[in-house]
Amino acid sequence: MFTENNFIFKGSEIKIPEKGICNWKSPSNIALVKYWGKSEPQIPKNTSISFTLNNCHTITTLKYSKKEVASNDFSLKVIFEGLIKEDFKPKIVKFFERIEKYVAFITLFDFVIKTENSFPHSSGIASSASGLSALALCLMSIEKELKPEITQEYLLKKASFLARLGSGSAARSIDGPLVVWGNHSKINNSSDLYGTSFPYKIHPIFENYQDTILLVDKGKKQVSSTIGHNLMHNHSFAQQRFDQANENISKLSEVLQNGDLKAFINLVESEALALHAMMMTSNPYFILMKPNTLKIIEKIWKFRREYNSNICFTLDAGANIHILFPEKEKEKVNLFIGDQLIQYCQDNQYIQDQTGTGANQL
Ligand code: DP6
């Protein structure tokens, strides 16, 4: 088992390259058992598990060149979808501050970070998981350049560790198709420090599992994740929620192995609603669903009843809906979405995705 100390970069005698470039594509993910509540430093209050997505991703190119004059500060320029973005810098500087202890070499370089998402920026889809994991992977490519002896396994594990310090859910955006984050007695090798691939054989029904994201509200998040997680401090139901999530991990682990879709649907929908219930019962309180979110949920339940289908929904901390279903129901469900659900999406917009295998170096 790795501890924090295993991730501290040590290398006083290394040769610093003059310049270089690295390029990673990193996926977004959708949690089945939700992470909601954390303590310092980015330690989750409960274990979470997510499907890695295939089509929703971030591509990041990191150019680095040795600083002409040594300094202790971070030198970076951020280009997002072709435009210089000054307003993206503070978040990245904060990320660099949090990870500097583990990648001390980052003060040696001037960086140019070029990044783009496969999904529209203003779609209400969070890009922090794919964005920060792609950047963490690029930094690990530099570490590999400085220390060629590190293994690929270490590179990916430390990338997840670094990404977590930027955004918790980003720890789950390195591997695939199912990633666990948070130490759990029933999941071998699980850790609070980084995400690990679900370690047991997954039932074939979950292969290429489909996720269609219905964009009900494309606006900026109403509640930032920092505010959201903080709502769990002093929340009356906090401990029950963390216990419930950890029990759901045990149950879902069984279901993912035995293929019991009815139990899967029940667990996944209950998790989504529990997440929103936490927001509704905190102080300040929030309702993040929109009327169209509820309309879609009702339609999903009706369709499931009438056609004996196995579709279900999950939610992020927002109004958008992820519809999850087995690959073999794709045709039927696509017709249903086109026919009955797109009218509830903003600008009729939705994104078809499915589970993917994780990040790639380009
Ligand atoms: C509702 O990972 O965005 O999507 O660690 O503060 O960056 P920070 O939070 P973040 O929280 C994600 C919350 C969630 C559930 C989940 O993905 O597990």
Side-chain angles (χ1 to χ4, degrees), residues 26-53 56 58 88 90-92 94-95 97-99 123-136 160-176 178-182 184 190 192-196 198 211 213 217 220-233 235 241-242 244-246 248-249 252 267-280 282 286-289 293 313-322 324:
S26 206
S28 189
N29 69 72
I30 178 68
L32 303 173
V33 173
K34 310 289 180 181
Y35 146 59
W36 199 243
K38 62 178 169 182
S39 52
E40 284 292 324
Q42 294 278 95
I43 300 297
K45 289 286 195 182
N46 63 262
T47 308
S48 57
I49 183 166
S50 51
F51 273 143
T52 305
L53 299 180
C56 289
T58 298
F88 280 28
K91 197 167 177 192
I92 297 178
K94 203 162 157 211
F95 175 49
E97 281 165 1
R98 286 198 203 156
I99 62 173
S123 60
I125 298 183
S127 58
S128 61
S130 53
L132 287 166
S133 56
L135 185 53
S160 172
F161 172 86
L162 297 174
R164 172 197 121 240
L165 291 168
S167 178
S169 55
R172 300 189 312 243
S173 268
I174 305 282
D175 233 319
L178 269 166
V179 179
V180 177
W181 170 46
H184 195 284
S190 55
D192 283 348
L193 301 182
Y194 46 82
T196 48
F198 182 69
D211 178 7
I213 310 164
D217 183 5
K220 203 170 163 279
K221 273 203 223 169
Q222 197 184 324
V223 181
S224 76
S225 35
T226 314
I227 293 175
H229 289 286
N230 281 340
L231 296 175
M232 292 306 280
H233 294 137
H235 191 298
R241 164 61 199 152
F242 304 141
Q244 175 195 46
N246 285 329
N248 282 345
I249 289 279
L252 193 61
L267 277 166
V268 167
E269 292 190 346
S270 151
E271 269 293 315
L273 296 176
L275 169 73
H276 281 248
M278 287 303 106
M279 284 178 252
M280 290 195 242
S282 58
F286 298 94
I287 301 181
L288 300 184
M289 290 188 228
T293 313
F313 71 86
T314 188
L315 305 162
D316 267 337
N320 295 337
I321 296 218
H322 289 247
L324 302 173

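Keep in mind that the numbers below use all heavy atoms, side chains included, and drop hydrogens, waters and symmetry copies. Order of appearance sets the numbers: ligands from 1, and atoms from 1 within every ligand. No experiment lies behind these values; they were computed from the predicted model shown.
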*What is the closest protein heavy atom to atom 4 (O) of ligand 1, and at what distance does it sit?*
Asp316 OD1, 3.5 Å
*asked:* Suppose I only count heavy atoms of Ala31 and a 4.0 Å limit; which atoms of ligand 1 are within that range?
replied: 16 (C), 17 (O), 18 (O)
*Backbone or side chain, does any N or O of Asn29 fall under 3.5 Å from an N or O of ligand 1?*
no
_Contact check, side chains of Ile43 and Arg164, non-hydrogen atoms, under 4.5 Å_ = yes
*atom 15 (C) of ligand 1 - nearest protein heavy atom and its distance*: Tyr35 O, 3.4 Å
*Trp36 and His229 aromatic ring geometry - parallel, tilted or perpendicular at 30°/60° bounds*: tilted
*What is the closest protein heavy atom to atom 7 (O) of ligand 1, and at what distance does it sit?*
Ser167 OG, 2.6 Å
*Closest non-hydrogen atom pair between Ile174 and Ser133, with its separation*: CD1-CB, 3.7 Å
*Under 3.5 Å between some N or O of ligand 1 and some N or O of His229?*
yes
*Using distance alone, determine whether Ser169 and ligand 1 share an N or O pair under 3.5 Å.*
yes
*What's the shortest heavy-atom distance between Ile213 and Cys56, and which atoms?*
CD1-SG, 3.9 Å
*Among Leu135, Ile99, Leu132, which residue meets the side chain to side chain contact (heavy atoms under 4.5 Å, CB included) test with Leu162?*
Ile99
*If we only count N/O pairs under 3.5 Å, is Gly168 in contact with ligand 1?*
yes
*Does ligand 1 have any atom sitting under 4.0 Å from a heavy atom of Arg172?*
yes
*Evaluate the side-chain proximity of Phe51 to Asp211: yes if any heavy-atom separation is below 4.5 Å, no if none is.*
no
*Please indicate whether any nitrogen or oxygen in Lys38 is less than 3.5 Å from any nitrogen or oxygen in ligand 1.*
yes
*For atom 3 (O) of ligand 1, what's the nearest protein heavy atom and its distance?*
Ser225 OG, 3.2 Å
*How far apart are the C-alpha atoms of Arg98 and Gln42, what are their side-chain angles, what is the distance that settles it, and do they pass the side-chain contact (heavy atoms from CB on, under 4.5 Å) test?*
CA-CA 10 Å; Arg98 286 198 203 156; Gln42 294 278 95; 3.8 Å; yes
*Under 4.0 Å to a heavy atom of Gln42 - the qualifying atoms of ligand 1, by number*: 5 (O)
*Please report the closest heavy-atom contact between Leu315 and Lys34, naming both atoms and the distance.*
O-NZ, 2.7 Å
